[in-house]
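Notes follow once the structure below has been shown.
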Amino acid sequence: MAALTGRVAVVTGASRGIGKGIALALASEGAIVYVTGRSVTSADSPLLGTVGETAAECTKRGGKGIAVQVDHANDRQVAGLFEQVQREQGRLDVLVNNAFALSDDLTEPKPFWQKPLSNWEMVDVGVRSNYVAAWHAAKIMAPQGSGLIVAISGYTGVAYTYSVVFGTSKSAVDRMARDMAIELKSYNVASISLWQGLTLTERAERNLATIPGLTGGAATRPQDACSPEYPGRVIAALIKDTDLMRLSGGTFITAELAQDYGIKDIDGKTIPSLRASRGAPIWLPI
């Protein structure tokens with residue numbers, strides 16, 4: 001029996017990218033994974049990937065993938081997702097808040113006043129969406145007395161990366177995870193934030209191939225990059241950790257947790273921590 005057989009996960013924004021990688025990593029250990037996202041056909045995004053394709057691959061990996069079309073800017077759709085999880089499974093073991101509305105001009109080197117106000121959507125789907133999903137998840141986890149809520153963040157929580165709104169969003173995510181941990185502690189539900197470095201998603205690989213000079217940036221050096229499944233391997237280890245609550249409230253560099261758990265990337269590579277060059281997390285476990 002796989003280590004996560006019977007465990008129920010919700011991974012938001014998992015049509016492709018980091019969310020897809022996390023969903024696949026959890027499914028590979030037997031988890032039931034609810035895969036959310038807006039893309040249900042190839043016409044829904046210029047990048048490849050749909051919730052149905054991710055869910056099908058989760059099932060092939062040995063878990064069970066369940067695709068649910070959700071726009072995480074739509075509270076009614078988010079509520080419907082968690083109602084479905086409660087109805088079908090009767091429990092929820094992990095929520096991975098990964099959905100994020102990356103602006104198309106994110107990597108363009110322009111100051112904030114020369115970018116559109118619509119960039120604020122990164123707060124709407126990236127911060128507010130985390131809160132809404134965690135609000136629903138906690139209503140399932142707290143009564144059962146167990147669970148894990150993970151926020152996907154990055155070094156931009158302390159180091160300028162791309163834009164004002166991007167950094168503001170990730171800083172808020174870290175603090176939100178910390179304060180949620182305080183209020184969830186007595187219910188034995190953990191809340192943490194993970195700092196990803198460059199992750200070789202479909203979007204990242206496209207940008208690295210098409211944007212001149214990007215590979216030389218401190219945040220975009222290909223030699224430091226990991227696969228999208230790498231953070232999922234770390235999250236799987238967190239779920240299995242019998243002393244998980246000791247970490248609750250902390251912001252962690254994924255690469256450092258991986259080293260603690262003895263985890264390597266899918267190609268056997270050890271991913272480096274960029275603490276020395278990109279900065280250290282602010283929030284320690286409560």
Side-chain angles (χ1 to χ4, degrees), residues 4 7-12 18 22 26 31 72 78 82 91-100 123 126-159 161 166-197 230-263 271 273-276 278-286:
L4 298 183
R7 302 292 187 97
V8 181
V10 169
V11 182
T12 72
I18 293 175
I22 292 170
L26 299 183
H72 282 273
V78 176
F82 288 95
R91 66 177 296 108
L92 177 61
D93 298 289
V94 58
L95 164 65
V96 181
N97 266 323
N98 169 73
F100 198 88
V123 175
V127 183
R128 186 181 187 278
S129 60
N130 280 29
Y131 182 82
V132 174
W135 186 88
H136 287 285
K139 288 178 177 290
I140 302 174
M141 293 176 174
Q144 72 190 20
S146 63
L148 168 64
I149 299 174
V150 179
I152 301 301
S153 186
Y155 294 95
T156 189
V158 297
T161 310
F166 190 48
T168 299
S169 298
K170 293 305 184 182
S171 298
V173 160
D174 293 342
R175 178 57 189 260
M176 186 188 300
R178 190 259 185 185
D179 286 357
M180 284 181 178
I182 293 173
E183 297 185 5
L184 288 167
K185 180 179 179 180
S186 62
Y187 298 94
N188 195 44
V189 176
S191 171
I192 69 169
S193 188
L194 290 182
W195 275 11
Q196 278 295 106
Y230 178 70
R233 291 185 167 197
V234 173
I235 292 170
L238 289 167
I239 298 169
K240 293 180 285 186
D241 192 331
T242 57
D243 193 22
L244 174 61
M245 290 303 293
R246 79 187 189 283
L247 302 177
S248 191
T251 298
F252 298 95
I253 295 171
T254 307
E256 293 180 356
L257 278 183
Q259 291 173 24
D260 291 344
Y261 285 119
I263 294 169
I271 305 301
S273 167
L274 303 182
R275 176 185 291 264
R278 298 280 289 144
I282 295 173
W283 304 112
L284 300 176
I286 58 173

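Within the structure, every pair that satisfies the ring pair (Phe, Tyr, Trp, His ring centres under 6.0 Å) test and touches residues 172-196, not counting sequence neighbours, is listed here: Tyr155-Trp195. Each side-chain hydrogen bond (donor to acceptor under 3.5 Å, both in side chains) pair with one or both residues in residues 129-138, not counting sequence neighbours, would appear here, but there are none. For residues 127-154, the set of pairs meeting the salt bridge (Lys or Arg N to Asp or Glu O under 4.0 Å) definition, not counting sequence neighbours, comprises Asp75-Arg128.
Legend: residues meeting side-chain contact (heavy atoms from CB on, under 4.5 Å) with Thr161, ordered by chain and number and at least two apart, are Thr156, Phe166, Ala219, Arg278. Legend: residues meeting side-chain hydrogen bond (donor to acceptor under 3.5 Å, both in side chains) with Lys185, ordered by chain and number and at least two apart, are absent. In this view, Ala172 and Val127 satisfy the side-chain contact (heavy atoms from CB on, under 4.5 Å) rule, not counting sequence neighbours. For Ala133, the side-chain contact (heavy atoms from CB on, under 4.5 Å) partners two or more places apart in sequence, or in a different chain, are Phe82, Leu95, Asn97. Taking Glu256 as the reference, Ser273, Arg275 meet the side-chain hydrogen bond (donor to acceptor under 3.5 Å, both in side chains) condition, with sequence neighbours excluded. Scored by the side-chain contact (heavy atoms from CB on, under 4.5 Å) test, Arg178 finds Arg175, Ile182, Trp283, Ile286 as partners (sequence neighbours excluded). For Thr254, the side-chain hydrogen bond (donor to acceptor under 3.5 Å, both in side chains) criterion is met by Gln196, not counting sequence neighbours. Not a single salt bridge (charged side-chain N to carboxylate O under 4.0 Å, His left out) links Asp174 to another residue, sequence neighbours left out.
The CG atom of Asp93 sits 12.0 Å away from atom CD1 of Ile149, with the distance rounded to the nearest 0.5 Å. The structure places CZ of Arg233 at 13.0 Å from CD1 of Ile22, a figure rounded to the nearest 0.5 Å.
A 4.5 Å side-chain heavy-atom check between Leu238 and Leu257 finds at least one atom pair inside the cut-off.
Residues Val123 and Ser169 share a closest heavy-atom pair of CG2-OG, 3.6 Å. Between Asn98 and Thr12 the shortest heavy-atom distance is N-OG1, 2.8 Å. Considering every non-hydrogen atom in both Gly249 and Ile192, the closest pair reads N-CG2, 4.3 Å. A pairwise comparison of heavy atoms in Gly279 and Ile253 identifies O-CD1, 4.3 Å as the closest pair. Minimum heavy-atom separation, Ala237 to Ile263: CB-CD1, 3.7 Å. The two residues Leu92 and Gln144 come nearest to each other via the heavy atoms O-NE2, 2.5 Å.
The number of heavy atoms from other shown groups lying within 6.0 Å of CD (Glu183) does not exceed 12.
The backbone N or O of Ser146 sits nowhere less than 3.5 Å from a side-chain atom of Asn188 that would complete a donor-acceptor pair. A donor-acceptor contact shorter than 3.5 Å links the side chain of Lys170 to the backbone of Ile152. Distance alone, capped at 3.5 Å, places no donor-acceptor pair between the Ser191 side chain and the Ser248 backbone.
Between Val96 and the options Val10, Ile235, Leu148, a side chain to side chain contact (heavy atoms under 4.5 Å, CB included) holds for only Ile235.
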Worked verdict on Arg7 versus Leu26 for side chain to side chain contact (heavy atoms under 4.5 Å, CB included): CA-CA 9 Å; Arg7 302 292 187 97; Leu26 299 183; over 6 Å; no

